[in-house]
Amino acid sequence: MPAVTVLPTLAEQAERLIALEVHTLAGLPEQALRSAVEQWGSDRTDALLAIDPALAPPSALTPRLRRGEKPGFVVEDMTDVDQFAPTGIELGGEALYLVENLERGDEYENWSAEEALPAITGRDRTPLLLSEGIHWVLQQADILERGHCFMTIGSRLTKPTGKLDSRTPALWISNGTGGDGKDRKDAPKLGWCWWGNRHTWLGFASATRRTAV
């Protein structure tokens, strides 16, 4: 079985989001984060503190990512990134919630999203949302490693026709080539891959459940 991910304590995660002013972005007072983690257990290290993507969208969260001194960025051809919404996953409507028992999904590297999704749900797990993946990297920048990054296939874009867009969001490390620009080499990158394609360096992040106060 994959190793259990040990995160910073919930108290540390709350202070990290406050330091990055994510609470301000989401329109939440600092005390809302501190009070929530006190209720859940400030010392817990098995869960990720997340904010509803409706309050803190990926386009606003991504520039707060850091790898060394390099800020995160969204690829230029993903101007619709905030339209990638929870698909097949119901959030409870709470501003703050926990995502428990994270896995990066390295065992699914070189699988397509189409192949990985039933394997993940077959283990009674849920694929991460894009916003949750960003929150994870905000708290643990080194979870992105060269050769071991991840997709977040809980978020999909629904076209006006009702069909799902074949792009799927992912988080990885820029090589500083192409449209990224050489100045972005080694920066955290929010991009996309095709639903049916395989990549040897992309796993599929998942969790056991989401809970709220």
Open item on the list: Any heavy-atom pair between the side chains of K185 and S174 that's under 4.5 Å?
Closed with: no

Task: E30 atom CD, over 12 foreign heavy atoms within 6.0 Å - done: yes

- [ ] Please name the pair of heavy atoms, one in E12 and one in Q139, separated by the smallest distance, quoted to 0.1 Å.
- [x] O-OE1, 4.5 Å

Open item on the list: Please find the pair of heavy atoms, one from L190 and one from I134, that lie closest to each other, and give the distance.
Closed with: CD1-CD1, 3.8 Å

Open item on the list: With side chain to side chain contact (heavy atoms under 4.5 Å, CB included) as the test, pick out the partner of L48 among L10, L98, L7.
Closed with: L7

Open item on the list: Which heavy atom of F84 sits nearest to which heavy atom of R167, and what is that distance?
Closed with: CE2-O, 3.6 Å

Open item on the list: Applying the side chain to side chain contact (heavy atoms under 4.5 Å, CB included) criterion to P58, which one of L171, V74, V81 satisfies it?
Closed with: V81

Open item on the list: One thing to verify: whether R64 and E21 come together as a salt bridge, which I'm taking to mean a side-chain N less than 4.0 angstrom from a carboxylate O.
Closed with: no

Task: Derivation of the side chain to side chain contact (heavy atoms under 4.5 Å, CB included) call for T5 and W136 - done: CA-CA 11 Å; T5 298; W136 191 2; 3.8 Å; yes

Task: Criterion side-chain hydrogen bond (donor to acceptor under 3.5 Å, both in side chains) against T208, the qualifying member of D124, D46, N101, T126 - done: N101

Task: W195 six-ring centre to R156 NZ/CZ under 6.0 Å and within 45° of normal - done: yes

- [ ] Indicate the atoms forming the closest heavy-atom contact of E94 with A212, along with that distance.
- [x] CD-CB, 3.5 Å

TODO: Could you tell me whether the side chain of L202 reaches within less than 4.5 Å of the side chain of E109, counting heavy atoms only?
DONE: no

